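Along the sequence shown, the residues carry numbers beginning at 1. Only a predicted model underlies this, so the values are computations on that prediction, with no experimental measurement involved.
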Amino acid sequence: MKLSVLINNFNYGQFLRPCIDSVLSQTYPDFEVIVVDDGSTDDSREILASYGEQIRSVLKENGGQASSFNAGFAAASGDILFLLDADDAFLPGKLERIAEIYDRNEIDWCFDRVTTNEADQPATELQVTLFDKRETLRKGGFPSLPVPTSGLSFRRDLLAQILPMSVARDVVLSDNYIKFAAAYLGRGAIIETPLTFQRIHASNRYTGTNRAKTLRPRIMIATGLELARRYDGLQALGKSLVAGGIAQTTSLFKLHSEARNTVAGGPFGEDAATEVALMAARKRLGNMLRKGQS
């Protein structure tokens, strides 16, 4: 079973070498490393060139993280594909241990939790939870999938049903869409024991930043629309995500107008704009009442 590690990079040259080295030092016998550089203007491309044939570099114009996922998938040849942000790293032995989990279980995806402590080492025993919430997702429910990009892996045939995905310049359409789609399309496993290091730093695009609060509603709306457009069984979930995103970003006066601009003509149909706006308004009003506001 061949593995592919897809690293996406944009101006993370200062972190790129430890990221790549964490993969090249893995003990699994058959894997490839593909680094997609999304139009970096720092020294990233010089660093990639220094690795020669140890890695495969895909150099492209800047198009956002989703476009990097698409480019990496198109270049990969593995049976199992791993995603990795260029500022993060794999802990020792990750590839071998996750390959064993795929071998032992009839799963389509496997997500491992992350640690933010760079000194952490992988535990001797892994806590693995098998996960099948496909029916919950069809009913519009939100299963908990608290794993960032660098903890995600998929069988090729599953990821082929998700990628290529629509692109966005920012991170508004990225790993949340992929996680929900994977959980809807197949059975998976969550490794509760971290096998990935997630680096928190000043230039993070989302995690731990001041932008997270304003980006979160945009992520919800973009993810909801894309899921509903792509998968008939995720209409309810998509509508809930859009409603929640609108409720977080607009005043009651602007709510219906933005709902029409966002939803009308999209996957929910013309008549859904009012419904979505009302759903968001009810949620907003409920939150106000719970907080004792009038």
Side-chain angles (χ1 to χ4, degrees), residues 1 3-9 12 14-29 31 33-35 65 69 72 78 80-105 107-133 142-155 158-159 171 174-183 186-209 212 216 219:
M1 181 168 63
L3 311 182
S4 298
V5 180
L6 313 181
I7 299 173
N8 68 92
N9 175 69
Y12 276 167
Q14 60 181 318
F15 310 119
L16 188 53
R17 198 172 292 280
C19 172
I20 295 173
D21 291 346
S22 78
V23 182
L24 292 177
S25 63
Q26 294 288 313
T27 55
Y28 189 80
F31 68 91
V33 182
I34 298 171
V35 185
Q65 190 178 42
F69 293 156
I80 307 294
L81 291 85
F82 294 74
L83 302 184
L84 177 59
D85 288 341
D87 52 342
D88 298 336
F90 286 172
L91 298 188
K94 168 172 172 167
L95 294 186
E96 185 170 3
R97 301 182 83 174
I98 291 186
E100 290 175 359
I101 292 171
Y102 277 103
D103 275 339
R104 291 198 306 264
N105 300 280
I107 57 172
D108 303 294
W109 53 267
C110 184
F111 301 164
D112 64 283
R113 291 185 183 267
V114 302
T115 176
T116 56
N117 183 353
E118 193 169 8
D120 278 354
Q121 293 297 305
T124 303
E125 299 292 330
L126 297 183
Q127 181 184 347
V128 181
T129 303
L130 296 180
F131 189 101
D132 190 346
K133 300 291 185 182
F142 289 80
S144 178
L145 296 166
V147 177
T149 300
S150 298
L152 307 183
S153 68
F154 314 84
R155 289 195 188 274
L158 179 83
L159 199 54
V171 294
S174 53
D175 59 349
N176 278 339
Y177 160 74
I178 296 177
K179 287 188 293 185
F180 280 127
R187 182 172 179 264
I190 294 181
I191 305 174
E192 308 290 351
T193 319
L195 289 174
T196 302
F197 165 61
Q198 182 182 31
R199 191 185 304 274
I200 306 300
H201 55 89
S203 51
N204 277 123
R205 291 195 291 272
Y206 180 77
T207 304
T209 69
R216 190 175 298 112
I219 290 171

Do [X] and [Y] have side chains that get closer than 4.5 Å, going by heavy atoms?
X: L126; Y: L195; answer: yes
X: I190; Y: W109; answer: yes
X: L130; Y: R187; answer: yes
X: P122; Y: P92; answer: yes
X: Y28; Y: M1; answer: yes
X: F90; Y: V5; answer: yes
X: V147; Y: L152; answer: yes
X: L6; Y: F69; answer: no

Could you tell me whether a side-chain N or O of [X] sits under 3.5 Å from a main-chain N or O of [Y], the two making a donor and an acceptor?
X: Q26; Y: L91; value: yes
X: D108; Y: G188; value: no
X: N105; Y: I101; value: yes
X: S4; Y: L81; value: no
X: K133; Y: A183; value: no
X: D88; Y: R199; value: yes
X: T27; Y: G93; value: no

Taking atom [atom1] of [X] and atom [atom2] of [Y], what is their separation to the nearest 0.5 Å?
X: L84; Y: N9; atom1: CG; atom2: CG; value: 10.5 Å
X: T116; Y: I200; atom1: OG1; atom2: CD1; value: 6.0 Å
X: N8; Y: I34; atom1: CG; atom2: CD1; value: 12.5 Å
X: L145; Y: F180; atom1: CG; atom2: CZ; value: 6.0 Å
X: K179; Y: L83; atom1: NZ; atom2: CG; value: 11.0 Å

> Looking just at side-chain N and O atoms, do Q65 and D85 make a donor-acceptor pair shorter than 3.5 Å?
Replying inline: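 Checked: Q65/D85 side chains pair up, N/O donor to acceptor below 3.5 Å.
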> Can a donor-acceptor pair be found between the side chains of S150 and Q198 at a distance below 3.5 Å?
Replying inline: no
>> Tell me which one of I98, L3, L159 satisfies side chain to side chain contact (heavy atoms under 4.5 Å, CB included) with I80.
In response: L3
> Just one of T129, D112, V128 clears the side chain to side chain contact (heavy atoms under 4.5 Å, CB included) bar with E192, so which one?
Replying inline: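 Looking at T129, D112, V128, the match for E192 under the side chain to side chain contact (heavy atoms under 4.5 Å, CB included) is T129.
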Please report the shortest heavy-atom distance between [X] and [Y], naming the atom on each side.
X: S25; Y: S22; value: OG-O, 3.3 Å
X: F31; Y: L95; value: CG-CD1, 3.8 Å
X: P148; Y: V114; value: CG-CG1, 3.7 Å
X: F111; Y: A182; value: CZ-CB, 4.3 Å
X: C19; Y: A86; value: CB-O, 3.3 Å
X: R97; Y: A123; value: NH1-O, 2.6 Å

>> Checking E96 now: which residues fulfil salt bridge (Lys or Arg N to Asp or Glu O under 4.0 Å) with it, not counting sequence neighbours?
In response: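 E96: no salt bridge (Lys or Arg N to Asp or Glu O under 4.0 Å) contacts found.
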> Taking the six-membered ring where the residue is Trp, are the ring centres of Y102 and F154 under 6.0 Å apart?
Replying inline: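 Not close enough - the centres of the two rings lie 6.0 Å or further apart.
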